[in-house]
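What you are looking at is a predicted structure, and each value in this text was computed from that prediction instead of being measured. Naming convention: chains lettered A, B, ... in sequence-line order (proteins, then strands); numbering from 1 in each chain.
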Amino acid sequence: MRDAPDVRVLVPVAVLEGQVIPDQLIHLLSETTVVLLAYHEIPEQTAPEQAREQFEPKAREELDELVSVFESAGATVETRLVFTHDMDQTTERIATEAECDAVLLSNPAPTIDRVIVPIKEAINLETITKVAAAVGKRGDVELTLFHAVEDDGAVPDGEALLDEVANDLAVLGVNREHVSRVVVVAQNPLQALIEGADDHDVVVMGEEKPTLRGRLFGETSDRVAEQTVAPVLVVRRPLDPEPDDAGGTDDSE
Amino acid sequence: MSDGNDGGSVLEADPPGEGGRVGDADPAVDVGAAADEVTVLESGTELERTIGLRGGLAIGIGTMVGAGIFVFPGLAAGQAGPAAALSFALGAVIALLVALPTSELATAMPKSGGAYYFISRGMGSAFGAVVGIGLWLGLVFASAFYLVGFAQYAIAVLTELGAASMVSDLPLVAVLGVGFGVVLTALSMFGTENATKLQNSIVSLLLGILLVFLVYGSLDTLGLFGRQTVPEEFMPYGTLSIFTTAALVFTSYLGFAQVATVAGEITKPGRNLPLAMVGSVVVVGVLYVVTILVSTGAFGSGRLATFGETAIVEVARSYLGFPGAVAILIAGLLATVSSANASILSSSRALYALSRDALVPPQLARINLRYGTPHVALALVGGPTVVLVAVGRTEVLAEVASFLHLVTYGLICVALIGLRRSNPAWYDPSFRVPGYPVVPVLGALASFSLVAFMQPLSQAVGVVVALAALVWYFVYARDVRLKGVSADA
């Protein structure tokens with residue numbers, strides 16, 4: 001095995017609700033460092049401390065079991081156990097703290113042969129390539145690089161972009177024969193992606209900047225996960241330099 | 001599943017300073033170290049903090065605003081005349097004197113349980129038991145009081161619709177109050193989603209309605225729109241009435257400490273806890289004073305008093321006509337519900353904190369496996385509440401609630417002074433009371449002396465509850481020792 005950059009994937013699991021991470025998916029992540037986020041979301045009426053007192057032993061037990069499954073598949077595993085009222089906030093915080101490159105939105109995956117990687121020029125190409133490589137360098141997976149353009153004139157540029165990504169993947173140890181490239185012309189890129197993902201088992205895609213549309217209708221990645229019913233690896237965008245709303249960093253007042 | 005570590009049954013005394021880690025007040029209960037967005041326990045388990053400044057303010061304001069504006073103006077004006085505005089101002093000052101020490105303690109111990117937690121850690125488990133049980137029942141009385149207020153508003157709505165006469169042979173206040181009390185408790189037990197978001201929007205809506213009404217009312221009272229205010233002596237019932245009325249209406253300020261009961265869930269506790277507590281007292285204090293001035297300006301206190309609990313509706317009608325009355329009726333329903341709901345939830349948190357320290361049986365903190373809510377604790381809040389709604393009188397409910405809270409508030413100030421003097425190693429608040437020791441001393445004196453101005457019946461009920469709590473402690477939990485507490489050593 002060659003020296004590849006470490007890829008860190010956050011895997012949130014609703015640990016007390018019997019959520020199962022499919023074996024195929026565990027297999028797929030075997031080349032990565034998995035940050036297992038075992039969480040228990042509790043209603044607002046309950047204090048997190050209170051839930052923790054009652055459920056911690058059980059949650060630890062389930063988590064330990066999951067760890068051993070991931071480890072026996074070959075992944076390096078780190079764990080977090082969180083009791084929370086707000087899962088989104090927790091995922092965001094842990095992903096940042098644990099410096100994860102990607103977050104897994106789990107969905108059932110009976111087999112994993114083909115992985116689609118939508119590429120947009122704008123977003124976070126380097127990390128997407130890195131994550132796709134970690135997934136794609138396992139010999140039994142086919143990668144499809146996918147790019148949607150609005151008119152025929154933009155097709156050559158799109159093809160050039162995908163060539164570049166394919167080259168980077170090869171450098172990172174992905175067999176060229178396992179990488180195919182698709183450029184489609186479509187008015188609605190999201191719809192095109194969902195159709196393109198139809199004969200694929202997993203989506204690896206970049207996280208987009210939060211937008212008003214995202215707030216109203218759900219983030220793109222969530223919608224892809226919902227509509228394709230496939231697991232989605234959401235590659236996080238680089239952190240913005242954080243605007244500090246508190247003024248000072250220490251809470252002296 | 002609960003082991004000795006959780007229940008903390010009989011723990012040896014451990015004087016502070018010896019092996020006590022900084023930032024860890026009570027190693028026996030593993031309360032963990034607080035950061036901005038999370039509490040990390042020694043086991044590595046994390047508890048997410050999810051309530052921001054806005055949420056904290058909504059809890060404080062949402063709990064308080066129900067009573068002072070929508071229940072008390074008529075009653076208070078009947079007792080003190082226009083000077084009731086001074087009673088409300090006095091209440092706000094006392095609340096601030098307590099809110100500042102509470103903020104310091106809460107930033108030093110940002111855990112669930114609020115006042116109970118501070119006092120048990122500062123003064124030992126006997127005081128802790130009295131305060132914890134007092135807080136539980138104080139909030140039960142407060143919830144009952146808010147529900148009675150809610151029922152009055154529901155009846156006013158029925159009257160407005162012309163439907164009240166059809167059901168006039170029923171004891172409507174009791175029926176509506178009890179009914180809604182049961183509904184609220186049930187909703188809490190089923191773990192209704194987005195309750196916090198709903199509460200936040202209700203509070204924003206309320207403040208919006210009140211702002212329009214009060215600004216218009218103030219300008220009108222000042223004569224800008226040609227209105228003649230009802231001429232009246234400012235203090236028709238003498239100076240003493242200001243104090244007795246302050247004791248009555250202090251129930252309107254019982255919300256700020258509720259922020260401390262969810263201290264374990266507030267983000268950036270060092271900054272947001274003091275801001276939420278002090279901010280909510282200032283906001284509602286100003287609203288209350290203006291409300292009284294506007295109300296007495298509209299009718300004169302004698303007439304205002306005859307309108308009873310829903311006096312503010314008539315005030316709104318006189319300024320803004322029928323739409324004003326409707327808006328205030330809706331606001332009154334929302335406000336009393338939000339107050340009752342917030343109180344029921346904090347009360348169950350108080351019970352949980354008691355059970356965590358083994359001062360009450362551990363079964364009380366059990367979480368329902370299906371709904372994920374503390375159903376036993378919620379039932380122990382909702383049950384007594386509806387009983388009180390059925391039998392209670394508004395003034396007595398309010399005063400008993402105030403009595404039990406005031407005792408707690410006084411003890412908070414005492415606990416602060418005690419902790420500052422003994423200065424244990426773990427005590428490291430990020431907010432410190434300005435004007436120490438004057439503020440906590442005045443806060444304690446004011447809290448205890450306000451109790452003296454209450455009706456004898458309320459005082460008697462309050463004393464009985466406190467004594468019963470003490471008896472419970474000596475019968476059930478005398479052996480409980482809380483680690484790191486010097487008073488128990």
Exercise for review: Give the intermediate values and the outcome of salt bridge (Lys or Arg N to Asp or Glu O under 4.0 Å) for residues E49(A) and K111(B).
Suggested key: CA-CA 9 Å; E49(A) 292 155 270; K111(B) 316 285 190 240; over 6 Å; no
Exercise for review: Taking all heavy atoms of P374(B) and all of Q50(A), pick out the closest pair and write down the distance.
Suggested key: CB-NE2, 3.2 Å
Point to revise | Residue part contacting chain A, namely of L369(B), when any heavy atom lies under 4.5 Å | key: side chain
**Study point:** Heavy-atom pairs under 4.5 Å with chain A, option from S348(B), G191(B), A377(B) with the top count
**Key:** G191(B)
**Study point:** Contact origin within E37(B) toward chain A - heavy atom pairs under 4.5 Å
**Key:** both
Study note, to complete from the structure: One option among D86(A), V82(A), T84(A) has the most heavy-atom pairs under 4.5 Å with chain B, and it is V82(A)
Point to revise | Any side-chain donor near an acceptor of the partner, T45(B) and E56(A), under 3.5 Å | key: yes
Review point. Taking atom CD of E53(A) and atom OG of S355(B), what is their separation to the nearest 0.5 Å?
Key: 7.0 Å
Point to revise | CA sep, side-chain torsions, deciding dist, call: S43(B), R52(A), side chain to side chain donor-acceptor pair (under 3.5 Å) | key: CA-CA 11 Å; S43(B) 59; R52(A) 171 248 145 193; 5.2 Å; no
Review point. CD of E99(A): more than 12 outside heavy atoms within 6.0 angstrom?
Key: no
Check your understanding: Is it the case that more than 12 heavy atoms not belonging to D23(A) sit under 6.0 Å from its CG atom?
Key -> no
Check your understanding: In this structure, are over 12 heavy atoms from other groups packed under 6.0 Å from E126(A) atom CD?
Key -> no
Point to revise | Atom pair CD1/CD of I51(B) and E44(A) - distance to nearest 0.5 Å | key: 8.5 Å
Review point. Do I94(A) and E46(B) touch side chain to side chain, with heavy atoms closer than 4.5 Å?
Key: yes
Revision key, fill the gap. To the nearest 0.5 Å, atom CD of E48(B) lies from atom CD1 of I42(A) at 10.5 Å
**Study point:** Taking every non-hydrogen atom, the tightest pair across Y371(B) and P43(A)
**Key:** O-CG, 3.4 Å
Exercise for review: Please check if any side-chain donor atom of T373(B) sits under 3.5 Å from a side-chain acceptor atom of Q45(A), or the reverse.
Suggested key: no
Point to revise | Residues T50(B), Q89(A); criterion side chain to side chain donor-acceptor pair (under 3.5 Å); working and verdict | key: CA-CA 8 Å; T50(B) 48; Q89(A) 183 187 322; 5.3 Å; no
**Study point:** Side-chain H-bond candidate by donor/acceptor type, E265(B) with H85(A), under 3.5 Å
**Key:** yes
Check your understanding: Can you name the nearest heavy-atom pair linking G372(B) to T46(A), along with the distance?
Key -> O-OG1, 2.6 Å
Exercise for review: Spell out, as yes or no, whether a donor-acceptor pair under 3.5 Å connects the side chain of Q54(A) to the backbone of I367(B).
Suggested key: yes
